[in-house]
K.L.:
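Would you mind keeping the following structure in view while I ask a few things?
Atoms within each ligand, like the ligands themselves, are counted from 1 in listed order. For the single chain, residues carry numbers from 1 onward in sequence order. Just so it is clear, the values below take in all heavy atoms, side chains as well, and ignore hydrogens, waters and symmetry mates.
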Amino acid sequence: MNTCSLRQYNTFGIDVQAANFLQYRSEAELAELFASGSVTAPWLHIGAGSNLLFMGDYPGTILHSLIDDIEVTAETPETVDLRVGAGVVWDNLVEHCVDQGWYGAENLSLIPGEVGAAAVQNIGAYGVEVKDLIVSVETMGADGAAHTYPVEACCYAYRDSLFKRPHMKREFVTRVNLRLSKREVYRLDYGTIRQELARHPRIDLPTVRRVIIGIRQAKLPDPKVQGNAGSFFKNPVIGRKQYEQLHDTYPDLPGYATADDRVKVPAAWLIERCGWKGKALGRAAVHDRQALVLVNLGGATGADILALAQAIRQSVRTQFDIEIEPEVNVISARKGEGPCD
Ligand code: EPU
């Protein structure tokens, strides 16, 4: 058994131990770990740990991919197809695409995490989701069987995918196939992107990346400086009638219509209105520039962060009658998480 501290494997910086920590460099090595019985139950596959909250020591096996190659598999005058290892750091991939002059990933600059988890989580920012770039996702099962899921089969939705379903917990993303554009195309209509770009003499890929990084750095704490997992909650989607009633009381409540005629409201707005922005509860706090982000003030435990999250959920429920759900995966200490619980 390879006991290991998980402190550097979760961006909240929670100091817990894994009973068994295993990394692998290829699909064959992953299959061998299972075939040899090295993977003790329960097990949990992690990426960079930028979306996890550990409630205590993990009693089983933590798996982590080190598959880190980026291959060009096809190219036309218009597009380039990439096959990218699950262990590639997401922002290194974005930087590589920008350096090569490939369009499409730049709005997703600086999102913490790795490529495999990006495909599980359907990461998104500034009007782009990773599903917009994905062609297919390759997995390997605990039984050693490899599968390729075309994007249509991945059930992508807001921060959701097939790979989050309980029956998929025995399969691990090994590689992601993405298509980027070689033609100059940008998505600039979210928030203040155009406004920020107006300060630059010209629009090109490196400039868009720099602007996105600037917007993120102005609002989101750097996990290397202050432990956090980005947005702690998902933005809730409510019925149109409820939205209209709330809007009568709170005329400045933002709302974005969804395809099924419901309304997505910013959880950050709800949390701020409940008075939580910048507030601390013990060693956990709500970030003072983005109310959706919970931060570790230093030495916080999973229980400290969760207690704050629960207090926030209760306030939002009481004031707005809206349930906000965590985006972060809470990993229970008692039995861990995994298919063999
Ligand atoms: N707002 C507030 N108070 C705040 C922050 C925001 O009232 O403290 C309101 C404002 O009305 C603002 C609106 O919320 O216009 C939206 O804010 P923002 O553009 O910052 O986006 P968000 O909905 O809070 C989402 C993603 C982020 C992503 C940004 C930008 C989720 C859960 N979060 O946040 O993703 O970077 O949009 O596209 O969808 C992450 O998932 O970890 C993450 C950081």
K.L.:
Could you identify the single nearest non-hydrogen protein atom to atom 44 (C) of ligand 1 and state the distance to 0.1 Å?
P.N.:
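For atom 44 (C) of ligand 1, the nearest protein heavy atom is Ser231 OG, 3.3 Å.
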K.L.:
Counting non-hydrogen protein atoms only, what is the nearest one to atom 7 (O) of ligand 1? Give residue, atom name and distance.
P.N.:
Trp269 CA, 3.1 Å
K.L.:
Quick one: look at Glu272 and ligand 1, take heavy-atom pairs under 4.0 Å, and tell me if it's side chain, backbone, both or neither.
P.N.:
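Only the side chain of Glu272 comes within reach of ligand 1.
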K.L.:
Parallel under 30°, tilted from 30 to 60°, perpendicular over 60°: which one fits the rings of Tyr58 and Phe54?
P.N.:
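Rings of Tyr58 and Phe54: perpendicular, as their planes differ by over 60°.
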K.L.:
Using a 4.0 Å cut-off to any heavy atom of Tyr126, which atoms of ligand 1 qualify?
P.N.:
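Under 4.0 Å from Tyr126, ligand 1 has these atoms: 30 (C), 38 (O).
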K.L.:
For the residue pair Ile46 and Leu63, establish whether any side-chain heavy-atom pair is separated by less than 4.5 Å.
P.N.:
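A side-chain contact is absent here, since even the closest heavy-atom pair is not under 4.5 Å.
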K.L.:
Non-hydrogen atoms of His287 versus ligand 1: any pair closer than 4.0 Å?
P.N.:
no
K.L.:
For Ala125, counting its heavy atoms only, list the atoms of ligand 1 lying under 4.0 Å from any of them.
P.N.:
36 (O), 38 (O)
K.L.:
To the nearest 0.5 angstrom, please state how far the CG atom of Leu44 sits from the OG1 atom of Thr61.
P.N.:
10.0 Å
K.L.:
Would you please indicate yes or no on a ring centroid separation below 6.0 angstrom for His287 and Phe232?
P.N.:
no
K.L.:
Say whether Gly191 and ligand 1 are in contact under the criterion: heavy-atom distance to a ligand atom below 4.0 Å.
P.N.:
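Not so, Gly191 does not reach ligand 1.
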K.L.:
Apart from Leu110 itself, what residues make up its hydrophobic cluster, given side-chain heavy atom links below 4.5 Å?
P.N.:
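Grouped by the 4.5 Å side-chain rule, Ile213 form the rest of the cluster around Leu110.
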K.L.:
In a check of salt bridge (charged side-chain N to carboxylate O under 4.0 Å, His left out) between Asp69 and each of Arg175, Arg25, Arg83, which one passes?
P.N.:
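Single salt bridge (charged side-chain N to carboxylate O under 4.0 Å, His left out) partner of Asp69 among Arg175, Arg25, Arg83: Arg175.
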K.L.:
What is the closest protein heavy atom to atom 20 (O) of ligand 1, and at what distance does it sit?
P.N.:
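The protein heavy atom lying closest is Gln290 NE2, 3.0 Å.
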K.L.:
Taking all atoms of both residues into account, what is the closest heavy-atom pair of Val328 and Ala229, and its distance?
P.N.:
CG2-CB, 3.8 Å
K.L.:
Look at the aromatic rings of Tyr103 and Tyr186 and report parallel, tilted or perpendicular, splitting at 30° and 60°.
P.N.:
perpendicular
K.L.:
Can you name the closest pair of heavy atoms from Thr11 and Pro223 and give their distance?
P.N.:
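Heavy atoms of Thr11 and Pro223 come nearest at CB-CB, 3.8 Å.
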K.L.:
Between Pro254 and ligand 1, which residue portion shows a heavy-atom distance shorter than 4.0 Å: side chain, backbone, both, or neither?
P.N.:
side chain
K.L.:
Within the 4.0 Å heavy-atom shell around Gly230, which atoms of ligand 1 are there?
P.N.:
42 (O)
K.L.:
In the protein, which heavy atom is nearest to atom 23 (O) of ligand 1, and how far is it?
P.N.:
Asn235 ND2, 2.8 Å
K.L.:
Among protein heavy atoms, which lies nearest atom 16 (C) of ligand 1, and at what distance?
P.N.:
Pro266 CB, 4.2 Å
K.L.:
Which option out of Gln121, Lys277, Arg159, Glu129 puts a heavy atom nearest to atom 26 (C) of ligand 1?
P.N.:
Arg159
K.L.:
In ligand 1, which numbered atoms sit nearer than 4.0 Å to a non-hydrogen atom of Leu292?
P.N.:
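Going through ligand 1 atom by atom, the ones under 4.0 Å from Leu292 are 24 (O), 32 (C).
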K.L.:
Please report whether atom 32 (C) of ligand 1 has a protein non-hydrogen atom at a separation of less than 4.0 Å.
P.N.:
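Within 4.0 Å: yes, protein heavy atom nearby.
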K.L.:
Kindly write out the residues that satisfy side chain to side chain contact (heavy atoms under 4.5 Å, CB included) with Thr192, not counting sequence neighbours, or none if the list is empty.
P.N.:
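Scan of Thr192 (side chain to side chain contact (heavy atoms under 4.5 Å, CB included), adjacent residues dropped) gives Gln195, Glu196, Ile215.
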K.L.:
Under 4.0 Å, counting heavy atoms only: does Arg273 come that close to any atom of ligand 1?
P.N.:
no
K.L.:
Considering only heavy atoms of Arg216, which atoms of ligand 1 have at least one such atom less than 4.0 Å away?
P.N.:
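Near Arg216, the atoms of ligand 1 are 36 (O).
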K.L.:
Nearest 0.5 Å, please: how far is CZ in Phe172 from CH2 in Trp43?
P.N.:
6.0 Å
K.L.:
So, Asp81 versus Thr73: side-chain donor-acceptor pair below 3.5 Å or not?
P.N.:
no
K.L.:
Looking only at non-hydrogen atoms, find the nearest pair between Arg273 and Asp252 and report the distance.
P.N.:
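Smallest interatomic distance, heavy atoms only, reads NH2-OD2, 2.7 Å.
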K.L.:
Looking only at distance, does Ala291 have an N or O less than 3.5 Å from an N or O of ligand 1?
P.N.:
yes
K.L.:
Side chain, backbone, both or neither: which part of Phe233 comes within less than 4.0 Å of ligand 1 when only heavy atoms are counted?
P.N.:
backbone
K.L.:
Nearest heavy atom to atom 29 (C) of ligand 1 wins, so pick from Tyr158, Tyr256, Tyr190.
P.N.:
Tyr190
K.L.:
Return the residue, atom name and 0.1 Å-rounded distance of the protein heavy atom closest to atom 1 (N) of ligand 1.
P.N.:
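I find the closest protein heavy atom is Ala268 CB, 3.7 Å.
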